[in-house]
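Single-structure report; data block below.
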Amino acid sequence: MTGKGLRGWLLVCCLALSACERPDLSEAEQQAIRFAVASAPLSLDPRLATDATAERINQLLYRGLVTFDAAARPVPDLASWQALSARHYRFLLGDDGRQLGDGSRLLAAQVKAFYDFVLAPDKASPHRGNLAHIRRIVVLDDDRLDFFLSRDDVLFPSRLALGIAVPDQHGRLQGSGDFIRYRDKALHDIWLRRLRDGQLFRFLHVADPTVRVLKLLRGEVDMLQNDLPPEMIHYLEAQPGIRMQTRPGSSFTYLGFNLEDALTGQHKLRQAIAMAIDRRAIIQHLFAGRARAAASVLPPEHWAGIKGEEGIAYAPHKARQLLAELGYSAGRRLTISYKTSTDPVRLRIATVIRQQLAEVGIDVEIKSYDWGTFFADIKAGNFQMYSLSWVGVRSPDIFQYLFHSQSQPPVGANRGRYRSAHADALIDSALAEADEALMLDGWQRLQAQLLADLPYVPLWYEHQVFATTRGLDGYHLQADGSYVGLGTVEHTPP
């Protein structure tokens with residue numbers, strides 16, 4: 001669509017939208033900074049949440065014992081630590097950041113209670129698998145607690161980055177982040193208050209990218225981030241009242257497979273699918289170059305990432321050969337289902353992938369669902385093939401969470417039911433390795449093994465794109481797409 005055509009279409013859509021009735025808001029509420037998000041969070045309980053929007057909002061509400069530096073290495077947040085042995089870690093809560101939303105002080109016993117909940121089998125926390133080797137937690141006093149492990153784990157501190165949530169006297173969760181919940185609303189309309197100045201923020205779920213852009217242009221929202229087709233980005237860049245930020249990102253998009261399925265469980269078929277996808281064409285045309293090819297969950301700049309590797313090369317002729325070896329031909333094609341959300345950008349990607357797979361002899365049936373239904377199906381293993389993104393990945397222990405045979409839902413995120421004794425051994429060995437050079441070698445050998453086995457097809461790391469009105473300033477876009485820039489964004493004086 002040309003720029004002129006897009007402008008006309010947007011005008012028609014704008015006229016078609018009914019005028020919004022202004023709710024009865026206080027003066028402070030009317031000054032709230034409104035952030036339109038493509039997907040509503042499924043939960044704001046950090047013990048249970050795994051979706052991207054929830055992770056990003058929870059990062060504002062809750063602080064963890066550990067955070068990460070620019071090189072993705074663990075550093076103290078709420079607590080420093082001492083490795084008394086490879087199976088015994090002592091954490092000391094510091095003075096900074098311990099005030100909870102009700103004004104009380106975070107105690108070591110509350111940290112223990114948080115992790116006891118995560119570890120309880122009956123709570124079905126998706127983070128349990130990543131922490132299942134915690135044998136016991138001992139509170140020494142209000143400031144110190146010890147973690148005892150059932151196996152060596154030199155990366156253990158990096159596992160304790162979950163934001164600590166503590167129930168208040170009414171059972172509502174509170175944290176010690178820079179923001180608190182302002183009011184208990186539905187998850188499609190979330191209000192937060194910034195503690196340092198009382199500035200209110202409102203997260204509004206607006207699924208359709210066209211409507212998000214229209215709301216920004218009409219002043220109904222103040223900012224939006226990502227999940228925009230390139231023509232919308234180009235259009236916004238040309239608007240005098242809009243400020244744009246773009247930067248390379250680390251959010252990892254992939255195709256996932258059900259390895260227990262009779263079709264997608266076949267290694268040759270997954271190879272054929274990987275070789276049939278022209279990622280460079282998708283990046284050029286669907287993302288206007290605002291992405292880069294991926295080979296692993298970890299980006300190449302990560303200390304444990306694969307340097308200079310871009311994943312499976314586009315080779316449609318080899319894909320056809322592999323399908324022929326499986327007994328498929330022009331007269332005997334196979335059909336697989338591809339699950340995705342109803343987000344228009346994700347549907348467009350799915351449509352292009354369907355076309356590329358059709359060219360080598362694979363017919364794809366796209367099945368799109370609202371976010372909650374789609375994500376529930378993925379966690380339940382109710383799929384053949386799907387696409388999702390991982391955001392905010394910092395530590396290589398993610399490989400245990402995603403690919404170890406003991407990390408199948410609900411205790412982990414091995415949603416494709418990948419089982420490999422060799423991969424398990426590489427993960428276990430790397431986690432127990434104290435020598436950093438040997439540990440790095442182990443993680444890189446594991447990533448090479450995953451690229452060979454293809455439980456996932458790595459697709460790309462999407463750039464981060466942010467748009468706001470001229471009335472706001474001070475937002476710093478992060479490579480992982482987090483919302484921490486809301487800590488510094490301000491209304492621009494008139």
Side-chain angles (χ1 to χ4, degrees), residues 1 9 13 36-43 49-55 186-188 204-215 224-233 251-261 263-264 269-270 273-274 276-279 281-283 285-287 291 333-359 362-391 409 413 415-416 456-460 462 465 481:
M1 183 179 295
W9 179 60
C13 292
V37 295
S39 300
L42 299 180
S43 169
T50 58
D51 64 278
T53 306
E55 294 276 359
L187 290 174
H188 64 270
L204 295 162
H205 175 214
V206 185
D208 188 274
T210 301
V211 178
R212 285 201 303 279
V213 168
L214 288 173
K215 284 182 175 291
L224 50 87
Q225 185 169 305
N226 296 330
D227 299 300
L228 294 174
E231 65 270 17
M232 291 291 182
I233 297 172
S251 298
F252 169 72
T253 300
Y254 64 94
L255 278 182
F257 301 100
N258 186 341
L259 273 65
E260 293 182 339
D261 182 81
L263 289 176
T264 52
L269 177 57
R270 300 196 301 277
I273 290 171
I277 297 174
D278 189 348
R279 295 177 301 158
I282 294 174
I283 289 170
H285 297 292
L286 293 192
F287 291 98
R333 297 169 68 92
L334 77 157
T335 301
I336 59 175
S337 68
Y338 178 169
K339 287 195 173 181
T340 187
S341 70
T342 54
D343 179 84
V345 175
R346 303 302 141 185
L347 277 172
R348 187 181 297 189
I349 292 169
T351 301
V352 172
I353 289 177
R354 177 176 63 184
Q355 178 182 346
Q356 291 181 348
L357 294 184
E359 291 174 357
I362 301 172
D363 294 326
V364 173
E365 180 184 1
I366 297 174
K367 297 182 178 180
S368 62
Y369 303 89
D370 67 89
W371 171 248
T373 302
F374 165 63
F375 198 49
D377 274 356
I378 301 311
K379 291 189 291 185
N382 184 21
F383 61 86
Q384 281 187 304
M385 184 171 75
Y386 70 95
S387 181
L388 265 177
S389 298
W390 279 100
V391 302
R415 297 163 184 153
Y456 283 2
V457 171
L459 295 177
W460 46 72
E462 295 181 27
V465 179

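Residues Gln356 and Ala276 come closest through the heavy atom pair CB-O, 3.6 Å.
For the atom pair CZ (Phe375) and CZ (Arg415), the distance works out to 4.0 Å, reported to the nearest 0.5 Å. Distance check, rounded to the nearest 0.5 Å: CD1 of Ile282 to OG1 of Thr253 gives 11.0 Å. One finds the CZ atom of Arg212 at 12.0 Å from the CG atom of Leu204 (value rounded to the nearest 0.5 Å).
Taking the salt bridge (Lys or Arg N to Asp or Glu O under 4.0 Å) definition, one finds that Asp208 meets it with nothing, sequence neighbours left out. Partners of Thr373 by side chain to side chain donor-acceptor pair (under 3.5 Å), not counting sequence neighbours, listed by chain and number: Asp370.
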Note to self: Set out, in order, the CA-CA distance, both residues' side-chain angles and the distance that settles side chain to side chain contact (heavy atoms under 4.5 Å, CB included) for Asp261 and Met385, then state yes or no.
What the structure shows: CA-CA 10 Å; Asp261 182 81; Met385 184 171 75; over 6 Å; no
Next item on the list: Test side chain to side chain contact (heavy atoms under 4.5 Å, CB included) on Leu269 and Phe257 and set out the steps.
Entry: CA-CA 11 Å; Leu269 177 57; Phe257 301 100; over 6 Å; no
Next item on the list: Take Asn226 and Glu462 through the side chain to side chain contact (heavy atoms under 4.5 Å, CB included) test and state the conclusion after the steps.
Entry: CA-CA 9 Å; Asn226 296 330; Glu462 295 181 27; 6.0 Å; no
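Within the 4.5 Å cutoff, no side-chain heavy atoms of Phe383 are placed close to those of Asp377. Side-chain contact between Lys339 and Asn382 is present, with at least one heavy-atom pair separated by less than 4.5 Å.
A donor-acceptor contact shorter than 3.5 Å links the side chain of Asp51 to the backbone of Leu42. Of the possible polar contacts, one joining the Arg333 side chain to the Ala358 backbone as a donor-acceptor pair under 3.5 Å is found. A distance-only check finds a donor-acceptor pair linking the side chain of Gln225 to the backbone of Gly481 [under 3.5 Å]. Without hydrogens or angle criteria, Thr53 side chain to Ser39 main chain gives a donor-acceptor distance under 3.5 Å.
Results of the side chain to side chain contact (heavy atoms under 4.5 Å, CB included) test with Val364 over Thr351, Thr335, Leu334, Ile336 single out Ile336 as the only residue that passes. When the options Val352, Leu347, Ile353 are evaluated for a side chain to side chain contact (heavy atoms under 4.5 Å, CB included) with Ile349, the one that passes is Ile353. The only option from Tyr456, Tyr254, Tyr338 that meets the ring-ring contact (aromatic ring centres under 6.0 Å, His included) definition with Tyr386 turns out to be Tyr254.
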